[in-house]
Number of protein chains: 2
Amino acid sequence: MSKPPATVRELIRENYASLTQSERKFANLLLENYPAAGLASITIVAGNAEVSTPTVARMVQKLGFKGYPLFHQALLKELEAKVSGPTKRRDNWASEAPEGHLLNRFAQAVTDNLQQTFSNIDSAQFDAAVHQLANTEGRLYVVGGRITRALADYAFTHFQAIRQRVTHMTSSSATWPHYVLDMVEGDTLLMFDVRRYETNLQRLAELASERGVKIVLITDQWASPIASVAEHTFNCWVEIPSAWDSNISTMMLLEAMIAATQEESWDKTKDRYDRLDELFDMTRLFRKFS
Amino acid sequence: MSKPPATVRELIRENYASLTQSERKFANLLLENYPAAGLASITIVAGNAEVSTPTVARMVQKLGFKGYPLFHQALLKELEAKVSGPTKRRDNWASEAPEGHLLNRFAQAVTDNLQQTFSNIDSAQFDAAVHQLANTEGRLYVVGGRITRALADYAFTHFQAIRQRVTHMTSSSATWPHYVLDMVEGDTLLMFDVRRYETNLQRLAELASERGVKIVLITDQWASPIASVAEHTFNCWVEIPSAWDSNISTMMLLEAMIAATQEESWDKTKDRYDRLDELFDMTRLFRKFS
DNA sequence: TCCGGCCTGAAAAGAAAGTTTCAGGAATCC
DNA sequence: GGATTCCTGAAACTTTCTTTTCAGGCCGGA
């Protein structure tokens with residue numbers, strides 16, 4: 001035997017001689033418009049080729065399929081394979097680590113998460129959110145939950161470097177009302193909320209929203225309830241082999257936003273950045289490396 | 001409104017908030033395995049997601065399709081378009097974002113960084129460092145620099161959950177002498193230091209080292225000078241298209257360490273974790289999701 | 001021209017697929 | 001803690017698809 005797994009296309013060529021006239025009519029149409037012309041129901045497909053359904057059914061059996069549904073599935077599989085095909089890189093990352101080593105399992109999970117997260121970002125929405133974050137007319141507030149507090153902190157540190165009027169709302173929710181008091185329309189609130197979603201964050205979001213503050217929400221794949229009042233919501237995939245959730249993709253999204261914000265307003269930013277550098281140098285707390 | 005022709009993926013994202021729990025179960029499966037998970041019959045598709053057919057039918061209608069068959073066709077069209085489309089797009093990632101969009105450049109850089117970082121981890125050293133971090137005989141101190149403070153904070157939050165005797169040394173270096181005073185042999189110091197390396201972090205490392213404290217250092221690819229006194233050093237690749245350095249791979253390494261630490265002492269950890277959960281529940285500040 | 005074999009598609013029968021209804025049950029709200 | 005709302009899937013029902021049957025018709029050969 002020569003060909004264990006044949007494509008439908010090959011099957012048709014092989015059996016073309018044994019096909020009748022109207023069967024060929026369909027076969028030709030399929031080959032010309034492959035595989036789209038074979039993906040609908042047998043009725044429709046037959047209609048398009050202007051033959052009857054029994055004709056198609058018979059032909060499909062000649063090709064070796066037990067029924068039209070199986071033929072249909074075969075076409076689908078081919079199509080799928082084409083799409084996911086060469087992209088399916090499973091490079092073994094942590095090179096020398098043993099197969100089942102946590103490092104490798106972890107690498108796999110993280111890669112998947114990043115990929116998922118990336119493919120679920122709507123770039124238009126991303127751009128819009130960045131535009132909002134770059135708007136220095138209003139003040140930018142940053143806040144996170146129990147775990148994401150660290151991310152909020154990270155965001156604050158960077159945003160503070162590239163724009164003015166940034167406030168980090170501390171994790172102690174007792175102080176939040178003071179901040180809310182000062183919020184006005186045109187301000188922006190960057191929130192982090194991953195499961196287990198925190199009710200006081202939600203209340204904060206509602207209050208801010210009522211005051212006309214635009215909320216940019218970074219949450220997990222299951223979406224915090226805050227999404228309902230947020231202007232822009234982004235979902236990050238967070239599952240890893242552990243009892244808690246990963247924030248790598250969250251961090252990635254955040255960094256992407258910071259980078260984009262900086263790019264959007266680089267003319268203004270650059271100067272600010274340079275001056276900041278000088279200041280840090282002057283304090284002699286930091287040593288330049290290269 | 002803004003988007004006349006949406007992909008199914010976008011539709012799901014837009015309507016995610018209005019989906020019920022089991023509808024989301026299916027939605028998630030579809031997003032994770034897109035679009036293959038939506039190409040079979042409603043019965044099969046529902047079975048795979050372990051929900052009932054009505055659930056899928058309802059969801060599909062929420063997305064705006066008049067019936068499952070239409071939804072099915074929409075997915076097919078997308079798949080076809082992808083295959084025949086403009087010269088097979090670059091590695092799926094930020095799927096619909098334009099070629100030169102920052103998101104795509106960013107994704108590329110991050111992937112490279114992670115790959116580099118991973119392949120440069122010596123798994124034996126990793127295991128050794130983890131063992132050190134899991135050692136509850138001594139105290140675990142965590143400290144970071146100007147930017148990495150957030151990472152140190154993140155590390156602290158997690159380590160605190162899985163072991164006792166953890167201290168976060170605040171970023172104000174004025175307070176560090178007090179901590180050093182209490183350090184004894186057998187203690188561990190987890191440090192983050194990326195460029196531009198900070199001299200007071202280095203001095204801290206030296207002092208701690210003299211007192212017999214084992215230092216686990218997480219630094220960048222150029223290595224902080226602290227490496228010379230550290231017991232275990234790990235390098236993370238940090239370059240991205242921006243004026244500053246990325247900490248995604250740093251975060252990744254950190255999370256891997258936390259996960260490994262937890263795994264190493266899961267019997268002790270588990271109980272602590274559960275009790276912590278209960279406590280958070282009791283404060284009523286958090287709401288459980290599923 | 002007539003005969004016999006073979007295609008072909010209309011239509012019925014059969015099999016899935018998809019939709020709707022509805023009651024039990026979980027979650028939530030007061 | 002009880003009432004209420006909303007979610008969920010079993011099951012009946014409807015629609016659509018697929019297969020099979022079968023009669024009409026085309027074609028080549030005598």
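On a predicted model such as this, the values are computed, not experimentally measured, just so you know. To find a chain, count down the sequence lines: A is the first, B the second, and so on, and within it residues start at 1.
Residues Thr157(B) and Arg146(A) have side chains that never bring a donor and an acceptor to within less than 3.5 angstrom of each other.
Across the protein-nucleic acid pair, Arg24(B) atom CZ and dC7(D) atom C1' stand 13 Å apart, rounded to whole Å. A straight line from NZ of Lys25(A) to P of dT8(C) spans 10 Å, rounded to a whole angstrom. In this structure, CG of Leu70(B) is placed 11 Å from P of dG18(C), rounded to the nearest angstrom. Gln21(B) has its CD atom 14 Å from the C1' atom of dG25(C), to the nearest Å. Here the P atom of nucleotide dC6(C) and the CG atom of Leu19(A) are 17 Å apart, to the nearest Å. Taking atom CE on Met59(B) and atom C1' on dC6(D), their separation rounds to 19 Å, with Å as the unit. A straight line from CD of Glu23(B) to P of dA26(C) spans 19 Å, rounded to a whole angstrom.
By the side-chain hydrogen bond (donor to acceptor under 3.5 Å, both in side chains) test, Asp220(A) is found to be paired with Tyr197(A), residues two or more places apart in sequence or in another chain being considered. Partners of Ser209(A) under the side-chain hydrogen bond (donor to acceptor under 3.5 Å, both in side chains) rule, at least two apart in sequence or in another chain, do not exist in this structure. By the side-chain hydrogen bond (donor to acceptor under 3.5 Å, both in side chains) test, Thr188(A) is found to be paired with Gln132(A), residues two or more places apart in sequence or in another chain being considered.
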Original post:
Which letter, B, S or -, goes with each nucleotide of nucleotides 13-26 of chain D from 5' to 3', with contact meaning a protein heavy atom under 4.0 Å?
Top reply: ----SBBB------
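Of the side-chain N and O atoms in Thr55(B), none sit less than 4.0 angstrom from OP1 or OP2 of dT8(D). Residue Thr20(B) places no side-chain N or O under 4.0 Å from the OP1 or OP2 atom of dC7(D). Contact annotation: Ser22(B) side-chain N/O to dT8(D) OP1/OP2 distance is under 4.0 Å.
Annotation: side chain to side chain donor-acceptor pair (under 3.5 Å) contacts involving residues 59-71 of chain A, sequence neighbours excluded, comprise Glu23(A)-Lys62(A). The stretch residues 224-234 of chain A participates, sequence neighbours left out, in no salt bridge (charged side-chain N to carboxylate O under 4.0 Å, His left out) pair at all.
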